[in-house]
Amino acid sequence: MVSTAAEGAQNPTHKYDPDFTQHVIDTCGPKTSPRFKQIFAAGIRHLHDFAREIDLTPEEWLAGVKFFNETGKLWAESDGKRNEMHRLSDIVGLESLVTEIANYVQTEDKTYTPTSAAILGPFWSPNAPWRQLGDSIIQDEHKNGLVTYMHGIVKDLVTQQPIPNVTFDMWQASSNGKYDFQDPENQSDNNLRGKFKTDEKGEYRLYCLRPTAYSLPQDGPSWTLLQAVDRHPMRPAHIHLMVTHDDYKPVITQIYPKDDPWLATDTVFAVKDDLVVDFVPITETPNGMKEHTGPGGKATRELELNIVLAPKGMAINAAKPVEH
């Protein structure tokens with residue numbers, strides 16, 4: 001039996017109007033898509049319950065309004081180059097949680113699983129250049145960077161066989177902790193970015209830098225929030241990867257040196273055990289690989305990283321995208 005507003009007022013389940021939240025949800029019109037209404041309704045319930053739980057004051061509500069206004073202002077004033085809302089999603093763990101939900105794959109063999117996903121972050125570019133296997137993504141001079149020979153095989157989760165023609169897209173910050181479009185004085189467009197295709201053996205090979213840890217910007221709303229909750233702004237050193245093939249669920253991830261001091265307290269909660277890797281010393285160029293002669297000279301580190309992709313049919317995610 002559905003209670004009326006009058007009955008709800010006579011038998012309240014809490015000290016505030018028990019019908020108010022449902023009334024807000026019920027104002028959705030008939031053209032609202034089912035998935036959007038599901039998202040909107042759940043969001044409103046949680047938001048209203050949050051306000052009730054802490055007895056949110058008008059002053060605190062207005063402080064929140066100002067906080068999000070400043071977040072949008074940064075985006076507008078940077079001409080869209082500084083995605084502060086994306087960064088806020090990262091430092092509260094929301095992007096990492098959404099990534100986990102979207103990339104859940106159920107397997108019977110717990111010892112052989114897909115490569116874990118990690119957050120995309122705000123620095124991916126669709127304009128990364130295609131490069132040949134064996135090429136370097138290092139275009140510009142860098143201070144104290146360690147040139148690294150990186151290679152590996154991309155394999156099928158089910159058959160455990162190599163996958164040819166996989167797109168291996170990667171990007172990283174330079175040794176000063178900045179990405180190319182953050183650092184136009186020192187870096188050219190697409191420095192430390194590149195897309196490669198695996199060969200017939202499922203192999204990729206390239207030169208990059210051993211990554212460097214860096215701080216998130218120490219200004220703006222994200223920094224204000226980190227200070228308010230007494231947290232540091234550091235990200236462990238990492239390299240971003242986007243590994244895709246038409247027949248497989250894509251893997252968007254990051255990899256981290258095992259000796260990085262910020263692994264346990266990554267400020268965006270993106271580190272997972274299988275993404276922690278070992279950059280080992282290298283003394284000579286492997287057979288069949290041309291020597292690195294660009295900025296930084298010869299490679300002094302090596303990283304072997306194999307990637308496991310799940311066929312698209314194994315992806316488990318019941319939700320359908322929001323209709324626009």
Side-chain angles (χ1 to χ4, degrees), residues 39 71 74-75 78 80-105 113-128 137 150 154 167-174 177-182 192-195 208-209 211-218 220-223 225-226 229 231-244 248-258 260-277 303 305 307-310 315-317 319 321-322:
I39 293 171
T71 301
L74 263 183
W75 166 267
S78 69
K81 293 181 179 179
R82 178 161 173 178
N83 195 337
E84 193 72 1
M85 185 59 75
H86 196 150
R87 184 168 286 116
L88 282 173
S89 293
D90 288 348
I91 65 174
V92 299
L94 181 58
E95 188 180 3
S96 284
L97 177 58
V98 171
T99 298
E100 180 182 6
I101 294 168
N103 290 276
Y104 172 71
V105 173
T113 58
T115 299
S116 292
I119 64 173
L120 174 67
F123 298 113
W124 176 75
S125 170
N127 302 317
I137 64 171
M150 180 174 172
V154 182
T167 297
F168 191 89
D169 185 355
M170 64 180 297
W171 63 103
Q172 65 178 136
S174 190
K178 295 182 179 181
Y179 293 84
D180 54 352
F181 56 77
Q182 292 179 303
L192 297 170
R193 300 180 185 272
K195 290 186 287 193
C208 61
L209 291 179
T212 302
Y214 62 81
S215 169
L216 299 185
Q218 296 184 27
S222 295
W223 176 234
L225 179 59
L226 287 173
V229 295
R231 278 173 46 192
H232 69 72
M234 295 301 298
R235 290 232 57 212
H238 59 279
I239 295 174
H240 293 268
L241 304 174
M242 182 184 292
V243 187
T244 58
Y248 293 85
K249 187 169 180 63
V251 168
I252 298 171
T253 195
Q254 303 178 18
I255 54 173
Y256 310 88
K258 70 176 187 179
D260 192 283
W262 304 105
L263 291 176
T265 59
D266 177 16
T267 199
V268 303
F269 309 102
V271 177
K272 297 174 184 175
D273 289 346
D274 68 311
L275 303 179
V276 178
V277 297
L303 173 64
L305 177 73
I307 301 291
V308 178
L309 299 183
I316 299 177
N317 186 348
V322 171

request  = Ignoring hydrogens and angles, tell me if any N or O in the side chain of Ser96 forms a donor-acceptor pair with the backbone of Phe269 under 3.5 Å.
outcome  = yes

ask   = To the nearest 0.5 Å, how far apart are OG1 in Thr167 and NZ in Lys195?
value = 7.5 Å

key: OG1 on Thr71 to CG on Leu225, rounded to 0.5 Å   = 9.5 Å

query = CH2 of Trp223 to OG of Ser215: how many Å apart, nearest 0.5 Å?
reply = 6.5 Å

message = Checking the side chain of Lys272 only, and the main-chain atoms of Ala117 only, is there a donor and an acceptor separated by less than 3.5 Å?
response = yes

ask   = Taking all atoms of both residues into account, what is the closest heavy-atom pair of Thr244 and Pro250, and its distance?
value = CG2-CB, 3.6 Å

message = When you compare the side chains of Asp180 and Trp171, does any donor N or O come within less than 3.5 Å of an acceptor on the partner?
response = no

query = Are the side chain of Asp260 and the backbone N or O of Ala213 linked by a donor-acceptor pair below 3.5 Å?
reply = no

remark   = For Leu263 and Lys258, the nearest pair of non-hydrogen atoms, with its separation, is CD1-O, 3.6 Å

query = To the nearest 0.5 Å, how far apart are CG in Asp169 and OG in Ser125?
reply = 8.5 Å

ask   = Could you go step by step and tell me if Leu241 and Ile255 meet the side chain to side chain contact (heavy atoms under 4.5 Å, CB included) rule?
value = CA-CA 8 Å; Leu241 304 174; Ile255 54 173; 4.3 Å; yes

query = For the residue pair Arg82 and Pro217, what are the closest heavy atoms and their distance?
reply = NH2-CB, 3.6 Å

inquiry  = Between Gln254 and Leu275 (side chain of the first, backbone of the second, donor and acceptor by atom type, cut-off under 3.5 Å), is there such a pair?
reply    = no

key: Point-to-point distance, once rounded to the nearest 0.5 Å, from CD1 of Ile252 to NE2 of His240   = 11.5 Å

request  = Could you please spell out the steps behind the side chain to side chain contact (heavy atoms under 4.5 Å, CB included) verdict for Trp75 and Glu84?
outcome  = CA-CA 6 Å; Trp75 166 267; Glu84 193 72 1; 5.9 Å; no

task = Without swapping roles, check the side chain of Gln172 against the backbone of Leu209 for a donor-acceptor pair under 3.5 Å.
result = yes

query = What is the ring orientation for Tyr214 with Phe123, classed by angle as parallel under 30°, tilted 30 to 60°, or perpendicular over 60°?
reply = perpendicular

key: Beyond-backbone contact of Val308 with Thr113, side-chain heavy atoms, under 4.5 angstrom   = no

Of His232, Arg231, Arg235, the residue whose pairing with Thr267 passes side-chain hydrogen bond (donor to acceptor under 3.5 Å, both in side chains) = Arg231

ask   = Is the side chain of Glu95 donor-acceptor paired with the backbone N or O of His86 at a distance under 3.5 Å, no angle test?
value = no

key: Shortest non-hydrogen contact between Arg193 and Ala128, atoms and distance   = CB-CB, 4.0 Å

query = Do the side chains of Asp90 and Pro122 get nearer than 4.5 Å, heavy atoms only?
reply = yes

remark   = Residues Ser116 and Thr253: closest non-hydrogen pair is O-OG1, 2.8 Å

task = Could you please spell out the steps behind the side chain to side chain contact (heavy atoms under 4.5 Å, CB included) verdict for Leu88 and Ile91?
result = CA-CA 5 Å; Leu88 282 173; Ile91 65 174; 4.1 Å; yes

ask   = Counting distance only, does the side-chain N/O of Arg87 pair as donor-acceptor with the main-chain N or O of Leu216 below 3.5 Å?
value = no

task = Output, in order, the C-alpha distance, side-chain angles, deciding distance and verdict of side chain to side chain contact (heavy atoms under 4.5 Å, CB included) for Met242 and Leu120.
result = CA-CA 8 Å; Met242 182 184 292; Leu120 174 67; 3.8 Å; yes

query = Which atom names give the shortest non-hydrogen contact between Pro114 and Asp274, and what distance separates them?
reply = O-OD2, 4.3 Å

task = For the residue pair Thr115 and Val243, establish whether any side-chain heavy-atom pair is separated by less than 4.5 Å.
result = no

inquiry  = Distance check, rounded to the nearest 0.5 Å: Ile307 atom CD1 versus Tyr248 atom OH?
reply    = 14.0 Å

